[in-house]
Amino acid sequence: MLEYNLPRYLPSAEELPDSDETPVDNELQELIPGLLKAILLILWSERMDWLFAIDMGIYYHPDKPPIVPDGFLSLGVERFYDEELRPSYVLWDENVVPIFVLEVVSQNYRKEYTTKLDEYEALGVLYYVIYSSRRRRKPHLEVHKLVNGKYELQEGNPVWLPEIGLGIGCERGNYCGVTREWMYWYDEQGKRYLTPAEQVKKETQRAQQEAQRAQQEAQRAQQAELRVQQLTEQLRALGIDPDNLG
């Protein structure tokens, strides 16, 4: 996987900084990948073989600064090492290149369409995703897939990612009380997966409907019992013993 020569001594993740210490330019750089991670925590709650990291340094060489995307996904790795979690993502320890990297473009352009594209291509990241809501003449979302060592722009919104088993796309919605265009995960038919708040609302509505049905059934049973009592009294008034009708 790592085709370049590495030094003999390789530091561990605990010995390396967890990011480049550069503050985010815009709150969206945290909220957008945060939403994607929150949805995955629901979809893959039973899986322990994945990591979605936000603003975490990816170390590919101990003597070079890390690459720090806004978000990235790795498959086939441990969700948790221990209760301290990962301080950074070190390729010579993980032995897995992230399969998905996300960059959210802010007002301060950080070479997402040039230098970073080349870096992720050289690293071997299968999907490099760039999101910019400020674009007017081009799509807000670009999904680049590594094909024969070169990135190819994928068409559509959402874009299906078969190696991940999810689609990625963007549409208007509400998250953290903000209504705007957000990024979401989708199924193969293009149906958007729910956010945690939407999932809670759906489960609450389902519970309320079930409680309502149970109440209606109880009322019907009570009415049936009352009807039986009325018929019993009518039979007895006619001199008929309802217990000996056979």
Side-chain angles (χ1 to χ4, degrees), residues 1-20 22 29 32-33 36-37 40 44 47-81 85-105 109-132 139 141-156 158-169 183 185-186:
M1 183 195 68
L2 304 178
E3 298 180 353
Y4 45 82
N5 293 323
L6 293 172
R8 185 173 182 180
Y9 170 72
L10 296 173
S12 66
E14 290 73 22
E15 298 169 290
L16 296 167
D18 58 0
S19 74
D20 59 0
T22 302
Q29 290 175 288
I32 289 176
L36 293 175
K37 181 174 183 177
L40 283 182
W44 293 350
R47 292 180 56 176
M48 300 300 292
D49 64 342
W50 63 278
L51 168 72
F52 192 99
I54 300 172
D55 195 32
M56 179 183 289
I58 301 174
Y59 282 90
Y60 61 96
H61 194 287
D63 298 329
K64 297 181 181 180
I67 301 174
V68 188
D70 292 317
F72 70 86
L73 172 67
S74 285
L75 299 179
V77 298
E78 293 177 288
R79 275 278 302 280
F80 310 111
Y81 281 157
L85 307 183
R86 285 176 175 82
S88 57
Y89 193 84
V90 180
L91 285 183
W92 55 85
D93 285 341
E94 306 285 354
N95 291 313
V96 176
V97 173
I99 193 171
F100 172 102
V101 162
L102 169 66
E103 292 285 359
V104 179
V105 182
Y109 177 61
R110 300 177 300 167
K111 302 179 181 180
E112 286 87 353
Y113 296 98
T114 55
T115 302
K116 288 191 175 182
L117 189 145
D118 293 336
E119 289 177 341
Y120 294 130
E121 185 179 87
L123 196 61
V125 175
L126 182 60
Y127 289 104
Y128 174 40
V129 179
I130 311 171
Y131 175 76
S132 174
L141 183 69
E142 284 192 2
V143 178
H144 300 265
K145 183 175 184 179
L146 196 64
V147 180
N148 297 322
K150 293 292 181 181
Y151 277 132
E152 293 184 0
L153 185 62
Q154 307 298 294
E155 299 294 333
V159 176
W160 178 245
L161 316 176
E163 296 83 358
I164 300 177
L166 295 171
I168 189 71
M183 289 183 63
W185 299 110
Y186 296 77

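One is the number of the first residue; the rest follow in order along the sequence.
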Participant: Please tell me if the side chains of L126 and H144 come closer than 4.5 Å, counting only heavy atoms from C-beta onward.
Facilitator: no
Participant: Looking at E163, E152, Q154, which one forms a side chain to side chain donor-acceptor pair (under 3.5 Å) with K145?
Facilitator: E163
Participant: Testing the basics here: between E103 and Y120, what is the closest heavy-atom pair and its distance to 0.1 Å?
Facilitator: OE2-OH, 2.7 Å
Participant: Take V96 and L75 through the side chain to side chain contact (heavy atoms under 4.5 Å, CB included) test and state the conclusion after the steps.
Facilitator: CA-CA 8 Å; V96 176; L75 299 179; over 6 Å; no
Participant: Looking at every heavy atom in both L102 and P69, which two are closest together, and how far apart are they?
Facilitator: O-CB, 3.8 Å
Participant: Salt bridge or not between E121 and K116? Use side-chain N to carboxylate O under 4.0 Å.
Facilitator: no
Participant: Taking the side chain as everything from C-beta on, heavy atoms only, tell me whether Y113 gets closer than 4.5 Å to E142.
Facilitator: yes
Participant: Can you give me the closest heavy-atom contact between Y89 and M56, atom names plus distance?
Facilitator: N-SD, 3.8 Å
Participant: Taking side chain to side chain contact (heavy atoms under 4.5 Å, CB included) as the criterion, tell me which of L51, I54, I32 meets it with K37.
Facilitator: I54
Participant: Please find the pair of heavy atoms, one from V125 and one from L146, that lie closest to each other, and give the distance.
Facilitator: O-CB, 3.7 Å
Participant: To the closest 0.5 Å, what do you measure between OH (Y127) and CG (L161)?
Facilitator: 5.0 Å
Participant: Quick one: are W92 and P62 in side-chain contact, heavy atoms under 4.5 Å?
Facilitator: yes
Participant: Nearest 0.5 angstrom please: S74 OG to R79 CZ, how far?
Facilitator: 13.0 Å
Participant: Going by heavy atoms in the side chains, are L91 and P98 under 4.5 Å from each other?
Facilitator: yes
Participant: Side-chain contact test, heavy atoms from C-beta onward, threshold under 4.5 Å: evaluate it for L141 versus V129 and give yes or no.
Facilitator: yes
Participant: For the residue pair Y186 and I168, what are the closest heavy atoms and their distance?
Facilitator: CD1-C, 4.1 Å
Participant: So, for V104 and Q29, which heavy atoms are closest and what is the spacing to 0.1 Å?
Facilitator: O-NE2, 3.5 Å
Participant: Do P66 and I58 come within less than 4.5 Å of each other through their side chains, counting heavy atoms only?
Facilitator: no
Participant: Find out whether Y151 and D118 are in side-chain contact, i.e. whether some heavy atom of one side chain is under 4.5 Å from a heavy atom of the other.
Facilitator: no
Participant: Any idea how F100 and W185 line up, ring-wise: parallel (<30°), tilted (30 to 60°), or perpendicular (>60°)?
Facilitator: tilted
Participant: Begin with the C-alpha distance, continue with both residues' side-chain angles, and end with the deciding distance and a verdict on side chain to side chain contact (heavy atoms under 4.5 Å, CB included) for L117 and E112.
Facilitator: CA-CA 6 Å; L117 189 145; E112 286 87 353; over 6 Å; no
Participant: Just so I know, are the side chains of L166 and L40 near enough to count as touching, which here means a heavy-atom distance under 4.5 Å?
Facilitator: yes
Participant: For F80 and M48, run side chain to side chain contact (heavy atoms under 4.5 Å, CB included): C-alpha distance rounded to whole Å, both residues' side-chain angles, the deciding distance at 0.1 Å, then the answer.
Facilitator: CA-CA 8 Å; F80 310 111; M48 300 300 292; 3.6 Å; yes
